[in-house]
Amino acid sequence: MVDRKATLYRMIARPKRLGSMAEKTMIREATASDATSLAALSIEVWLGTYIREGINDFFADHALREFTADRLSGRLQDQQRTILVSQNVVGIDGMIELVAGASAPVAGCPDVEIATLYVQPRHQGAGKGIALLEAGLAHARSSGHAGVWLAVNAQNTAALTFYERHAFQHAGETHYEIEDQRYLNYVMRRDL
């Protein structure tokens, strides 16, 4: 039997020099003790990415309800999920979450979803997103999966460009729903 954690560590836990600073970053599997940091990261990135005109109660309530330490802790315990984090000398600055057995909202997609890829805004552009994506793809590949899919907000041009540069292709459309509001998302897929 293959030791999944040891294999994962060998694949991704090499300190890297990223960006213009000689900053050591390690990609590792998240642990239960990371739940509060992951919740804070999720709130920061989600609000910074999608709430640009000012925060109102509708979006604040959604973020505070959705991105809690308890919810992240539950996701960390889910055997179908793998959460990898990028950690610098101070703490976590990014994460990727993969969900095995996830049905895509459009036909023709693999069964592994990249549910989340977040990097703190101040660390974007330094290679952390690429490192997390590569680690997530390596994990999916080593687990025997043939591809991955994700949904990305149709107005998030930076993310769309990022995924297109990394061989993701448009597969269709879906919507992200918050109560009675719907937001267009593109479904993208990539073969491994």
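These figures come from a predicted structure and were not determined experimentally. Hydrogens, waters and symmetry mates are skipped; everything else that's a heavy atom, side chains included, is used.
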Side-chain heavy atoms nearer than 4.5 Å, only ILVMFWY residues, links allowed to pass through others: does that put [X] and [Y] together?
{"X": "I83", "Y": "L137", "result": "no"}
{"X": "Y50", "Y": "F67", "result": "yes"}
{"X": "L184", "Y": "F168", "result": "yes"}
{"X": "I92", "Y": "I130", "result": "no"}
{"X": "L64", "Y": "L72", "result": "yes"}

Rounded distance [0.5 Å steps], [atom1] in [X] versus [atom2] in [Y]:
{"X": "L84", "Y": "L117", "atom1": "CG", "atom2": "CG", "value": "10.5 Å"}
{"X": "R141", "Y": "D191", "atom1": "CZ", "atom2": "CG", "value": "11.0 Å"}
{"X": "T36", "Y": "D70", "atom1": "OG1", "atom2": "CG", "value": "11.0 Å"}
{"X": "L150", "Y": "M188", "atom1": "CG", "atom2": "CE", "value": "6.5 Å"}
{"X": "L38", "Y": "T68", "atom1": "CG", "atom2": "OG1", "value": "11.5 Å"}
{"X": "R81", "Y": "E97", "atom1": "CZ", "atom2": "CD", "value": "4.5 Å"}

Shortest non-hydrogen contact between [X] and [Y], atoms and distance:
{"X": "I114", "Y": "L133", "result": "CD1-CD1, 3.8 Å"}
{"X": "A104", "Y": "C109", "result": "CB-CB, 3.4 Å"}
{"X": "P121", "Y": "V45", "result": "CD-CG2, 4.2 Å"}
{"X": "A63", "Y": "I43", "result": "O-CG1, 4.2 Å"}
{"X": "L132", "Y": "S86", "result": "CD2-N, 3.7 Å"}
{"X": "V152", "Y": "A159", "result": "CG2-CB, 3.6 Å"}

Counting only heavy atoms not in [X], do more than 12 fall under 6.0 Å of its [atom1]?
{"X": "Q169", "atom1": "CD", "value": "no"}
{"X": "Q155", "atom1": "CD", "value": "no"}
{"X": "Y186", "atom1": "OH", "value": "no"}

(request) Sequence neighbours left out, what passes salt bridge (Lys or Arg N to Asp or Glu O under 4.0 Å) with D61? Give chain and number order. (result)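 Salt bridge (Lys or Arg N to Asp or Glu O under 4.0 Å) check on D61 returns nothing, list empty.
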
So do [Y] and [X] actually touch side chain to side chain, heavy atoms under 4.5 Å?
{"X": "Y118", "Y": "E44", "answer": "no"}
{"X": "V187", "Y": "H170", "answer": "no"}
{"X": "R189", "Y": "V148", "answer": "no"}
{"X": "I27", "Y": "V85", "answer": "no"}
{"X": "N153", "Y": "Y176", "answer": "no"}
{"X": "Q87", "Y": "M95", "answer": "no"}
{"X": "D93", "Y": "K128", "answer": "yes"}
{"X": "V112", "Y": "W149", "answer": "no"}

(request) Run the numbers on E179 and R65 for salt bridge (charged side-chain N to carboxylate O under 4.0 Å, His left out), then give the verdict. (result) CA-CA 12 Å; E179 296 179 22; R65 186 174 51 246; 3.6 Å; yes

(message) Looking only at the side chains, is there a donor atom on one of N185 and T174 sitting less than 3.5 Å from an acceptor on the other?
(response)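 On atom types as modelled, these side chains do not qualify, holding no pair under 3.5 Å.
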
(message) Checking V99 against T82 for the side-chain contact (heavy atoms from CB on, under 4.5 Å) test, could you report, in this order, the C-alpha distance in whole Å, the side-chain angles of both residues, the deciding distance, and whether it holds?
(response) CA-CA 7 Å; V99 183; T82 299; over 6 Å; no

(message) Whether the side chain of N56 engages the backbone of F59 through a donor-acceptor N/O pair (distance < 3.5 Å, no angle test) should be reported.
(response)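 Here the side-chain-to-backbone pair exists.
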
(message) If we ignore hydrogens and angles and just use 3.5 Å, is the side chain of S73 paired with the main-chain N or O of A69 as donor and acceptor?
(response)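 The answer is no, because no donor-acceptor pair under 3.5 Å joins these two groups.
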
(request) Determine the interplanar angle of the H62 and W46 rings, folded into 0 to 90°, and report it as parallel if under 30°, tilted if 30 to 60°, perpendicular if over 60°. (result)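 Tilted: the ring planes of H62 and W46 meet at 30° to 60°.
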
(request) Salt-bridge test for D34 and R28: reply yes if a basic N is under 4.0 Å from a carboxylate O, no otherwise. (result)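 Counted as a salt bridge, because a side-chain N and a carboxylate O are separated by less than 4.0 Å.
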
(request) Start with the C-alpha distance between E164 and R190, add both sets of side-chain angles, then the distance that settles salt bridge (charged side-chain N to carboxylate O under 4.0 Å, His left out), and finish with yes or no. (result) CA-CA 10 Å; E164 288 168 350; R190 177 181 163 168; over 6 Å; no

